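Everything quoted here is computed from the prediction, not taken from an experiment.
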Amino acid sequence: MSYVSSGGPPPWLVRFFHRFPHVNVTGNRVNSTFDWRNEVYLESLGILASLPALLLIFFLLMLLLYLLTRCCDRNAKRDRPLLCLKVLLGLLGILCCAAIGLGLYGNDDFHNGVETFVHSLRNIQHYFQHIANQTSEARTSIEHRVFPFMSQLGVVFERPLNNHTVHVELLTQMQYMEANMTQTAETAKALRQYFKGPISVSPHEIVQLIETIRWPTTLALLIIFIIFCVVLFYAIVRHSRCCFITFSVLGLLAVILNWSLVSVYLVGAVGLADICIDPNRAAIMELSQASISREVSEYYLNCQPFRTELYPFRELVIEGQQSLEGAQHTLRVINSIASNYYSPNDVDEIVDGLFKELYNVESYLGETSARAECQPIQTHWMKGVDAVCSTSLFGLALLLISALISALLFTLLVGFDSHTWIYIQRRKRYLQQEECVSFLPSQYDGGPSGTGTGTGTSSTGRGGRRSGGAGSNSPYNLVAHWDTQPTPLGRNGVGPSGGSYRGQSSMGHALAGPNNGQYATLSKQCKTLEANDFY
């Protein structure tokens with residue numbers, strides 16, 4: 001049983017959000033009764049929505065200050081370990097995906113509640129539409145079938161009779177019947193006017209349109225947030241500076257969107273709770289704006305079936321039934337008199353047609369009176385109210401929690417992600433390195449101690465390579481300058497120049513060259529490999 005029909009307290013979630021402070025710009029509390037036409041009430045909701053916006057501005061300023069301090073720090077070490085930051089980013093990313101999953105669940109709950117509410121409102125409108133159709137059928141039957149039959153019968157009764165008293169009686173009864181049927185037609189018209197208002201109001205169509213746009217949009221937005229987290233995971237695994245920077249931009253966008261969603265969901269939850277604290281009052285207020293009498297709205301929403309005096313159509317229904325019963329009684333009197341004074345071929349067919357149409361009108365009015373009871377309408381209404389105030393509000397609360405947690409986590413992720421990619425070194429470009437590809441040592445570079453390089457003529461090295469002149473100091477001049485004639489040894493290993501070669505092995509002599517037993521390198525910054533490193 002619904003808490004509205006049973007008179008019990010509203011759900012705890014309704015009471016929780018309804019207790020949120022409703023204050024104006026001066027800080028004074030205002031009435032928390034839902035009224036979207038009241039500017040003071042809307043102002044209080046706007047102040048609630050501004051709180052997440054203020055938090056967003058605060059976090060963006062903190063992030064800006066942090067990035068400014070990092071950009072101005074020229075002494076920051078670029079080779080510091082980032083493993084702890086990556087693990088922290090991964091854990092925060094997983095938590096963020098879990099929060100987004102909570103939002104997906106809440107979005108589905110909210111959608112199901114709204115769909116049930118729309119279905120209930122549609123059933124109520126169809127119910128009233130059927131009642132209005134019945135009253136229309138009753139009025140149509142009277143105006144297009146009963147009155148023509150009565151006209152035909154009046155033509156027959158215009159013929160003079162020998163008994164003048166009987167003739168006058170027949171004409172008088174015809175006048176009574178016409179008055180009763182006119183009254184019945186007016187009653188059917190008045191009843192239709194009562195039910196025309198609920199038919200003209202179609203809130204379910206507006207709600208359905210809004211939900212048709214909101215549900216897939218929210219779903220797509222949450223999936224996009226998950227894709228943002230996937231970009232972060234890829235950056236962590238690949239250690240990609242470019243992906244870290246990309247997530248910084250996407251994460252900043254997610255921060256702004258999530259804090260904005262927090263504002264929207266907070267206002268929606270508080271407003272929906274204000275409605276659900278007394279849904280009948282809110283519905284009566286809206287129906288009164290649609291020219292539906294408060295008497296009719298209260299009868300159906302605050303249904304009390306045992307109090308028949310509250311039935312708003314009671315007098316009309318009684319009046320219509322009495323006039324219809326009078327018309328039927330008059331027709332029976334007319335039939336009993338006319339059967340004795342007129343030919344059956346002239347009267348019977350018309351009277352039978354009138355009886356048939358009067359029975360049809362009676363069935364239409366009887367079904368209208370039966371279906372106009374408040375119990376079926378209240379059943380549909382309570383089902384819709386329970387769906388919105390329980391299922392939808394719970395889903396909206398989950399969406400609010402999801403957006404709040406996601407906003408905080410994305411804020412942290414953007415901060416730690418920016419701290420990570422700042423300390424990732426760019427790959428050194430090959431052309432920016434200082435390179436030296438000369439194989440010649442310093443004594444062969446054309447200095448004063450160079451041997452055989454001062455003539456400026458080219459010499460042919462072993463293997464047929466040719467070198468430039470002695471003045472060519474280009475690091476890209478690849479020369480393998482080796483002596484083609486070995487120096488002869490004198491007695492006791494003394495050469496012609498007096499230098500001693502004692503202690504040198506044949507292997508060492510074979511490896512001796514212009515680099516003194518060392519392999520030439522392409523860069524001055526590279527380590528020179530010793531001959532002993534290979535043996």
**Prompt:** Does any N or O in the side chain of Thr135 come within less than 3.5 Å of the main-chain N or O of Ala132, such that one atom is a donor and the other an acceptor?
**Reply:** yes
**Prompt:** If you count the non-hydrogen atoms of other residues, nucleotides and ligands that lie under 6.0 Å from CZ in Phe233, is the total more than 12?
**Reply:** yes
**Request:** Identify the heavy atoms of His18 and His22 that sit nearest to each other, and give their distance.
**Result:** O-CE1, 3.7 Å
**Message:** Tell me whether Ser402 contacts the main-chain N or O of Ala99 through its side chain, where contact means a donor paired with an acceptor under 3.5 Å.
**Reply:** yes
**Asked** If every non-hydrogen atom of Phe110 is compared with every non-hydrogen atom of Ser392, which pair is closest and at what distance?
**Response** CD1-O, 3.1 Å
**Message:** Between His167 and Asn163, do the side chains contain a donor N or O and an acceptor N or O under 3.5 Å apart?
**Reply:** no
**Request:** Might you confirm whether atom CG of Asn340 has over 12 heavy atoms from other residues, nucleotides or ligands at distances under 6.0 Å?
**Result:** yes
**Approximate separation, where rounding is to 0.5 Å, of Trp381 CH2 and Gln378 CD** = 11.0 Å
**Prompt:** Nearest 0.5 Å, what's the CD1-CG distance between Ile284 and Asn302?
**Reply:** 5.0 Å
**Prompt:** Rounded to the nearest 0.5 Å, what separation is found between the CD1 atom of Ile213 and the OG1 atom of Thr218?
**Reply:** 11.0 Å
**Prompt:** Quick one: which of Ile401, Val270, Leu399 gives a side chain to side chain contact (heavy atoms under 4.5 Å, CB included) with Tyr265?
**Reply:** Leu399
**Item:** Contact summary for Val156 and Asp346, nearest pair of heavy atoms
**Value:** CG2-O, 4.0 Å
**Request:** Assess whether side-chain hydrogen bond (donor to acceptor under 3.5 Å, both in side chains) is satisfied between Asn133 and Glu137, documenting all intermediate values.
**Result:** CA-CA 6 Å; Asn133 291 339; Glu137 289 293 333; over 6 Å; no
**Prompt:** Judged by atom type as modelled, is there a donor-acceptor pair below 3.5 Å linking the side chain of Asp108 to the main-chain atoms of Leu104?
**Reply:** no
**Item:** Partner of Met177 under side chain to side chain contact (heavy atoms under 4.5 Å, CB included), chosen from Leu358, Leu153, Thr172
**Value:** Leu358
**Message:** Tell me if the centroids of the rings in Tyr300 and Tyr127 come within less than 6.0 Å of each other.
**Reply:** no
**Request:** Determine, stepwise, if the pair Glu315 / Ile318 fulfils side-chain contact (heavy atoms from CB on, under 4.5 Å).
**Result:** CA-CA 5 Å; Glu315 294 181 359; Ile318 292 176; 5.8 Å; no
**Gln173-Glu169 side chain donor-acceptor pair, cut-off 3.5 Å** = yes
**Ser323 (side chain) donor-acceptor with Gly320 (main chain) under 3.5 angstrom** = yes
**Prompt:** Are Phe247 and Leu413 close enough, and set up right, to give a side-chain contact (heavy atoms from CB on, under 4.5 Å), and what steps lead you there?
**Reply:** CA-CA 9 Å; Phe247 177 78; Leu413 284 172; 3.8 Å; yes
**Prompt:** Distance from Ile256 atom CD1 to Leu252 atom CG, nearest 0.5 Å?
**Reply:** 4.5 Å
**Message:** Could you check whether Glu286 pairs with Arg37 (Lys NZ or Arg NE/NH1/NH2 to Asp/Glu carboxylate O, under 4.0 Å)?
**Reply:** yes
**Prompt:** In terms of ring plane angle, is the pair Phe34 and Tyr41 parallel, tilted or perpendicular, where the classes change at 30° and 60°?
**Reply:** perpendicular
**Message:** Taking atom CD as the centre, does Glu349 end up with more than 12 heavy-atom neighbours from other residues, nucleotides or ligands that are less than 6.0 angstrom away?
**Reply:** no
**Asked** Which of these, Ile334, Thr330, Leu331, sits in a side chain to side chain contact (heavy atoms under 4.5 Å, CB included) with Met174?
**Response** Ile334
**Complete:** CE (Met181) and CG (Leu324) are apart, to the nearest 0.5 Å, by 6.0 Å
**Request:** Flag the pair Lys189 and Glu186 as a salt bridge only when some basic side-chain nitrogen lies within less than 4.0 angstrom of an acidic carboxylate oxygen.
**Result:** no
**Message:** Could you measure the distance from the CD1 atom of Ile100 to the CG atom of Asn258? Nearest 0.5 Å is fine.
**Reply:** 7.0 Å
**Asked** Do the rings of Phe20 and Phe16 sit parallel, tilted or perpendicular, given the 30° and 60° boundaries?
**Response** perpendicular
**Asked** Do you see a donor-acceptor pair shorter than 3.5 Å between the side chains of Asn180 and His329?
**Response** no
**Request:** Check the pair Cys229 / Cys96 against disulfide (SG to SG under 2.5 Å), numbers first and verdict last.
**Result:** CA-CA 8 Å; Cys229 294; Cys96 191; 4.0 Å; no
**Residues Ser248 and Asp417: side-chain donor-acceptor under 3.5 angstrom** = yes
**Request:** Go through the steps for Thr187 and Leu365 under the test side-chain contact (heavy atoms from CB on, under 4.5 Å), then give the verdict.
**Result:** CA-CA 9 Å; Thr187 301; Leu365 293 179; 5.5 Å; no
**Asked** Would you find a donor on one side and an acceptor on the other, under 3.5 Å apart, between the side chain of Ser406 and the backbone of Ala403?
**Response** no
**Request:** Carefully, step by step, assess Asn107 and His111 under the rule side-chain hydrogen bond (donor to acceptor under 3.5 Å, both in side chains).
**Result:** CA-CA 6 Å; Asn107 184 51; His111 177 71; over 6 Å; no
**Asked** Does Gln183 use its side chain to pair, donor to acceptor, with the backbone of Glu319 at less than 3.5 Å?
**Response** no
**Prompt:** Does CZ belonging to Arg294 count more than 12 external heavy atoms closer than 6.0 Å?
**Reply:** no
**Request:** Would you sort out whether Thr33 and Arg281 count as a side-chain contact (heavy atoms from CB on, under 4.5 Å), showing the intermediate values?
**Result:** CA-CA 10 Å; Thr33 302; Arg281 180 190 179 282; 2.9 Å; yes
